[in-house]
Amino acid sequence: MILLPDPSAFRKIRLATPEDVLRLGIICTASFRYSEQFIWERPYHAEYPQDTIVFFRHEVRSLIEDPKMIVAVAVDEYDPEESSKTGATIPVDSGWTPPDRGDEVVVGIAVWQLEPGSKRIGHFQSSSRNYPALPKCLHRDENPTRVKIIQKVYEELEHKYFGKVSAMERTAVHPAYWKRGHGSTLAKWGLDLAKIDKVNQAVLATSMGASLFKHMRFKLITEHQIDGGEEDPTGYIIAVREYFVNGGNCSVDFHTLVYRSSCLKENIVGFSPNGHVGLRMHEHEQKLK
């Protein structure tokens with residue numbers, strides 16, 4: 001289902017399902033391989049690539065299950081040579097069975113955390129419980145010291161800047177499908193929702209996502225140098241950016257976003273077209289009439 005004004009075959013999104021978990025582990029690994037955070041905290045990825053994929057699969061599952069989160073995916077036509085188009089190491093036996101060339105496949109992911117007290121909490125989760133069995137995550141690809149440093153910094157920044165806003169938790173597109181509009185399409189859907197709810201949206205971004213968030217008009221709030229200590233004096237910089245809904249005109253009306261939300265939900269097994277999304281949108285619409 002086309003969700004944005006530009007009717008492009010490359011710009012399809014839907015909500016993530018448990019059946020996407022295996023694929024999304026590959027998407028996150030292939031995409032985040034170019035992020036400073038990935039490079040910094042996973043120096044042994046090439047030696048233990050399956051550990052990286054398994055980590056992201058566990059993380060994605062927890063995000064899909066979390067009622068505070070919205071997890072959407074972008075789809076495109078499968079490219080059998082995709083693994084040769086990423087700097088990440090993707091084992092042939094990754095645990096995911098690829099489709100035939102040209103078949104529809106998930107190529108990107110976006111995750112948003114709803115603001116505290118949002119009436120939408122719990123309205124975007126799948127009714128399916130068909131999660132794949134996952135092996136234990138061994139973390140052999142990680143530098144544990146650096147992981148702890150990152151976790152501490154992120155927790156402090158989120159506590160200070162994310163208290164009353166929604167948050168773009170992540171956006172990632174497999175490199176084989178870059179420059180097709182998937183990242184901006186995913187990000188724009190989240191901003192449209194924020195505009196309707198009149199809630200600002202924040203993000204913690206490395207330089208990898210800087211161009212996208214600048215293009216989407218996220219304003220720089222502050223930058224923080226993550227110090228690796230003696231082990232790695234250079235570290236890297238993380239930026240806090242925020243999209244202010246009062247900083248521009250809303251690009252969609254209520255009926256358009258109700259339609260888009262319904263399109264996302266129609267891809268979820270067991271969803272009723274008369275479910276929560278339409279009701280909540282109707283409530284907001286009535287308030288502004």
Side-chain angles (χ1 to χ4, degrees), residues 1 3 12-32 49-76 78 90-91 93-100 103-139 166-174 182 185-186 189-190 193 197 257-281:
M1 186 69 69
L3 302 177
K12 300 179 181 179
I13 65 173
R14 61 169 173 78
L15 286 180
T17 70
E19 291 79 9
D20 295 323
V21 167
L22 295 180
R23 174 61 175 169
L24 288 172
I26 294 172
I27 298 298
C28 291
T29 300
S31 176
F32 290 137
Q50 195 64 27
D51 286 24
T52 308
I53 294 172
V54 169
F55 169 84
F56 282 122
R57 285 172 174 167
H58 279 282
E59 188 174 58
V60 165
R61 171 174 177 161
S62 68
L63 291 169
I64 293 175
E65 291 182 306
D66 191 332
K68 300 187 300 296
M69 300 294 181
I70 303 174
V71 184
V73 296
V75 297
D76 204 333
Y78 178 61
I90 308 296
D93 183 15
S94 65
W96 174 73
T97 303
D100 293 331
D103 284 355
E104 187 173 271
V105 69
V106 172
V107 300
I109 180 176
V111 182
W112 300 271
Q113 178 169 301
L114 294 165
E115 71 278 6
S118 171
K119 293 181 179 180
R120 301 186 189 280
I121 291 175
H123 294 173
F124 291 91
Q125 275 56 57
S126 172
S127 60
S128 169
R129 301 297 302 170
N130 190 29
Y131 286 99
L134 298 175
K136 181 180 179 180
C137 188
L138 301 178
H139 302 282
S166 63
M168 164 60 83
E169 289 290 328
R170 73 177 52 179
T171 179
V173 176
H174 193 296
H182 295 305
T185 297
L186 287 163
W189 188 90
L193 189 64
D197 289 350
L257 192 56
V258 169
Y259 170 71
R260 293 180 187 175
S261 298
S262 298
C263 291
L264 286 174
K265 277 292 189 177
E266 285 172 359
N267 289 279
I268 299 300
V269 176
F271 170 70
S272 168
N274 296 319
H276 297 303
V277 177
L279 291 175
R280 295 304 182 191
M281 290 295 182

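Since the model is a prediction, treat every value here as computed from it, not as a measurement. For the single chain, residues carry numbers from 1 onward in sequence order.
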By side-chain hydrogen bond (donor to acceptor under 3.5 Å, both in side chains) - contacts of H58 (at least two apart)
none

For the OG atom of S31 and the CZ atom of R170, what is their distance to the nearest 0.5 Å?
10.0 Å

Using the test side chain to side chain contact (heavy atoms under 4.5 Å, CB included), find all partners of D103 that sit at least two apart in sequence or belong to another chain.
P99, D100

Which heavy atom of A16 sits nearest to which heavy atom of V73, and what is that distance?
CB-CG1, 3.8 Å

Check side-chain hydrogen bond (donor to acceptor under 3.5 Å, both in side chains) between R23 and all other residues, then give those that pass, not counting sequence neighbours.
E82

According to salt bridge (charged side-chain N to carboxylate O under 4.0 Å, His left out), who are the partners of E169, at least two apart in sequence or on a separate chain?
none

Pairing residues for D93 by the side chain to side chain contact (heavy atoms under 4.5 Å, CB included) criterion, not counting sequence neighbours:
none

Can you tell me how far the CD1 atom of I90 sits from the CH2 atom of W96, to the nearest 0.5 Å?
10.5 Å

Roughly how far, to the nearest 0.5 Å, is the CG atom of L22 from the CZ atom of F56?
15.0 Å

Check P132 against P18 and note the closest heavy-atom contact, atom names and distance.
CD-O, 3.6 Å

Checking D66 now: which residues fulfil side chain to side chain contact (heavy atoms under 4.5 Å, CB included) with it, not counting sequence neighbours?
K68, M69

Rounded to the nearest 0.5 Å, what separates atom CD1 in I53 from atom CD1 in I27?
10.5 Å

Please table the atom pairs, donor to acceptor, closer than 3.5 Å between any side-chain atom in residues 110-117 and protein atoms at least two apart or in another chain.
none

Find out whether D76 and H174 are in side-chain contact, i.e. whether some heavy atom of one side chain is under 4.5 Å from a heavy atom of the other.
no

Quick check for you: to the nearest 0.5 Å, what is the distance between Q125 atom CD and L63 atom CG?
10.5 Å

I need the I64 CD1 to E19 CD distance, nearest 0.5 Å.
9.0 Å

Would you call the rings of H139 and F55 parallel, tilted or perpendicular, taking 30° and 60° as the class edges?
perpendicular

Could you pull out all residues at least two apart from P135 that satisfy side chain to side chain contact (heavy atoms under 4.5 Å, CB included)?
V54

I need the minimum non-hydrogen distance between T52 and T29, along with the two atoms involved.
CG2-OG1, 3.7 Å

Could you go step by step and tell me if L186 and I109 meet the side-chain contact (heavy atoms from CB on, under 4.5 Å) rule?
CA-CA 8 Å; L186 287 163; I109 180 176; 5.8 Å; no

Presence of salt bridge, R14 and E104, under 4.0 angstrom
no

